[in-house]
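Working notes for the structure below.
In each ligand, atom 1 is the first atom listed, and ligand 1 is the first ligand listed.
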Amino acid sequence: MKKISIIIPAYNEEESLPFLYDKLNELMDHMEQYEFEILFVNDGSKDKTIELIKEYREKDSRYCYIDFARNFGKEIAMIAGLDYATGDCAIFIDADLQDPPGLIPELVKYWEEGYDDVYAKRRSREGETFLKKFTSKMYYIVLQKMTKIEIQKDTGDFRLLDRRCINALKKLRESQRNTKSMFSWIGYKKKEVLYDRDARVAGKTKWNYMKLIDLAIDGITSFTTSPLKLATWLAIPTFMMLFIYSIYVIAKCIIIHTFIQAFQAIILLILFFSGIQILLFGIIGEYLGRIFVETKNRPLYLVNEYNGEREMNS
Ligand code: UDP
Ligand code: MG
């Protein structure tokens, strides 16, 4: 019997958990042909979340949990979940039922068909403000322009991962984690499933705009080092201006037989030295980018098949 681990990061979710619990039990009754492990990661909740989880575990040993020493954030909670998961595949869902457990049978169906990473893509975003939708859309466009890795749009963390993907993700041990970029980075056979994202059942979102901006910057810096190349690109127009302006000044001097004027000399000097400075920043940026990539200590590659056999990369 194949085992499915459902990983649920939970931070102050006492209000949503009872709803989730019912849904999960319903799901497990529905999918009797699988063994289940419901793995909560209690991310330093300050309410009764952990008491509820312990209660569930007493009633049903399929419920497991990791209790963090403090709040480490969802990204860290997710990798902890992968570390502890024992299933043949793992599914991330949010505790607030925004990721409907009802979609899980479909995710599993595609997994059985041989897909390694079945991710749920939002068709609609109920309960989110226009501003959030708009900024999210713009963000994806900008991000995709900056990186060669394909980014999955409107995709959260709601997805099913085969054991191979779990093993791969466990190898990415960087502490500033952006899981979304990692899902893209590992590759493997991906499949998209569409769903309507509901508003959360109870409680409040743990995000605010400050946190989202933080996440956005994280996303950019973890997908790509291209912002560091900005300086190199700025140096080019600066030198172009220097070149054009010096031709203009020299030509003028020759044609109307005057000496170079003080302000012209100053402009030329400013262009020259700022150009050199920007260029030097660019060079430093290039090296910094390489150091940044190196320090992540990622595996160099992940193998899909070896002589026709599925490689688990463990
Ligand atoms: N979460 C967490 N640690 C945090 C913040 C959130 O484990 O520091 C969990 C939270 O309990 C929920 C999931 O991450 O299960 C998504 O959070 P939320 O619903 O607040 O985010 P949103 O759906 O609004 O993006
Ligand atoms: Mg939510």
Check each atom of ligand 1 against the heavy atoms of Q98 and keep those under 4.0 Å away; list them by number with element.
-> 19 (O), 22 (P), 23 (O)
Quick one: look at N71 and ligand 1, take heavy-atom pairs under 4.0 Å, and tell me if it's side chain, backbone, both or neither.
-> side chain
Cluster partners of L288, using ILVMFWY side-chain heavy atoms under 4.5 angstrom, listed by chain and number?
-> L228
Under 3.5 Å donor-acceptor, D99 side chain and F158 backbone | no
Aromatic F72 / basic R70 pairing, under 6.0 angstrom, 45° off normal | yes
Rounded to the nearest 0.5 Å, what separation is found between the CD atom of E75 and the CD atom of Q176?
-> 11.5 Å
Any atoms of ligand 1 less than 4.0 Å from a non-hydrogen atom of G73? List them with their elements.
-> 3 (N), 8 (O)
Given the side-chain rings of Y21 and Y63, with only the six-membered ring counted for Trp, is the space between their centroids under 6.0 Å?
-> yes
Have a look at D43, I8, I93 and point out the one with the heavy atom closest to atom 4 (C) of ligand 1.
-> D43
Ligand-side contact atoms (ligand 1) for residue partner D94, heavy atom cut-off under 4.0 Å | 13 (C), 15 (O), 16 (C), 23 (O)
Looking at E13, which atoms of ligand 1 are within less than 4.0 Å of one of its heavy atoms?
-> 10 (C), 11 (O), 12 (C), 15 (O)
Under 3.5 Å: donor-acceptor pair, side chain of Q144, backbone of I149 = yes
Any chance you could measure L24, atom CG, to F19, atom CZ, to the nearest 0.5 Å?
-> 13.5 Å
Atoms of type N, O or S from protein under 2.8 Å of the Mg ion (ligand 2), total 2
Using a strict 4.0 Å cut-off to heavy atoms of D96, name the atoms of ligand 1 that fall inside it.
-> 19 (O), 23 (O)
Under 3.5 Å, N or O to N or O, is A95 touching ligand 1 that way?
-> yes
Straight-line distance of R177 CZ to L169 CG, nearest 0.5 Å | 7.5 Å
Centre of Y34's six-membered ring, under 6.0 Å away, within 45 degrees of the axis: is that where NZ or CZ of K2 sits?
-> no
Between E13 and T49, a side-chain donor and acceptor under 3.5 Å = no
